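Read through the structure below, which is laid out as C-alpha cells, and then see the notes.
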Amino acid sequence: MITALILSIRQLGDRPILIVLAKSIAVTIALFAMLGMGVWWGTRAALAAWSGSGASSASLAAALAVVTTALALWLLFRAVGIAVIGVFADDVVAAVEARHYPAALASARPVGFGRSLAMGLRSAARVVAVNGVMLPVYIALLVTGIGTAAAFFVVNGWLLGRDLGDMVASRHGDAATVRAWRQATRARRFALGLAVTGLFVVPLINILAPIIGAAMATHLYHRGTA
C-alpha cells in the first residue's frame, strides 16, 4: 500500500493526471456554485413573495446561500469528489497503466463516459446513504472520544475501497470477474479505502484524494493480479 501511494504521488505531475485534476476541480466548483446560486435564487424569490422587501430578502438569501454551500462542502465534498472522479477515473487508470503496466493497457476495455457516470453517481449515492444511516451511530459514539472517528473510517474505508477498485477492475473483466476479484481482495481494498479516507480528511490534500485513490487502486489491482 505504501508503494502504491508513493508511485501515485510521483505521477501527479503527469500531463494526463493534471488534465483530470483540472477538470475534476472545475466540475466540483461548478456543482457547488450551482447549489449556492440555486439556494440564493430560491430563498430570495420566496422571501420577496412573502415580505415584499427586495433588499432585505437579497441580503438574507445571500447569507443563507453562503452558509448552505459551506455546509454542503463539509458534508458532501467526499461524495461529490467520488462522483466526479468516477466520470474521469478511466483517464487516471489509463495514465497509470501506460506508465507502469503497458501490457494491461493494451488489453484494457475503456469503460466509456456513460458507464463511468453511472458508476460515479452510484458511488456518491452509497456514500451519502450509508453515512446518513450511520449518522445516529456517529453521534452516539461521540461520548467515547474516538468511537465516531473509528466508525467513520471503517464505513468509508469499506465504501471507497469497493468503488475505487471497481473503477479499475471494470476495465479488465466482465461483471462476474469483478465480483470474483472483490471477494479475493477484501482486505487489500479495505486498506486502500482507509488510506483514501485519511486523505479526504486532510485540508487541501483532500482535493487530490480522489485522483490519488484511483491511481492507488490501479496499482493495487495490477500488483495483486500479476
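This structure is a prediction, so every number in the text was calculated from the model and none was measured. Computed from heavy atoms alone, side chains included, the values below leave out hydrogens, waters and symmetry copies.
- Applying the 6.0 Å contact sphere to CZ of Arg109 captures more than 12 heavy atoms from other residues, nucleotides or ligands.
- Counting all heavy atoms, side chain and backbone alike, Phe32 lies closest to Val80 at CZ-CG2, 3.8 Å.
- In this structure, Arg122 does not pair ionically with Asp163, as no charged nitrogen and carboxylate oxygen lie closer than 4.0 Å.
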Which atom pairs, donor and acceptor, lie under 3.5 Å between side-chain atoms of residues 201-219 and protein residues at least two apart or in another chain?
from	atom 1	to	atom 2	distance (Å)
Asn206	OD1	Leu204	N	3.3
Thr218	OG1	Ala214	O	2.8
His219	ND1	Tyr101	OH	2.7

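- You'll find the side chain of Asp91 stays beyond 4.5 Å of the side chain of Pro16, heavy atoms only.
- Heavy-atom contacts from other residues, nucleotides or ligands closer than 6.0 Å to CD1 of Ile146 number 12 or fewer.
- Looking only at side-chain heavy atoms (C-beta outward), Asp166 and Arg182 come within less than 4.5 Å of each other.
- Between Phe113 and Asp90 the shortest side-chain heavy-atom distance does not fall below 4.5 Å.
- Residues Arg171 and Leu105 share a closest heavy-atom pair of NH2-CD1, 3.6 Å.
- Heavy atoms of other residues, nucleotides or ligands lying less than 6.0 angstrom from CD1 of Ile2 number 12 at most.
- Interatomic distance, His100 NE2 to Ser8 OG, rounded to the nearest 0.5 Å: 7.5 Å.
- Looking only at side-chain heavy atoms (C-beta outward), Val93 and Tyr221 stay at 4.5 Å or farther from each other.
- A donor-acceptor pair is defined here as one N or O able to donate and one able to accept, closer than 3.5 Å; no such pair exists between the side chain of Ser24 and the backbone of Ile85.
- Between the side chain of Glu97 and the backbone N or O of Ala108 there is no donor-acceptor pair closer than 3.5 Å.
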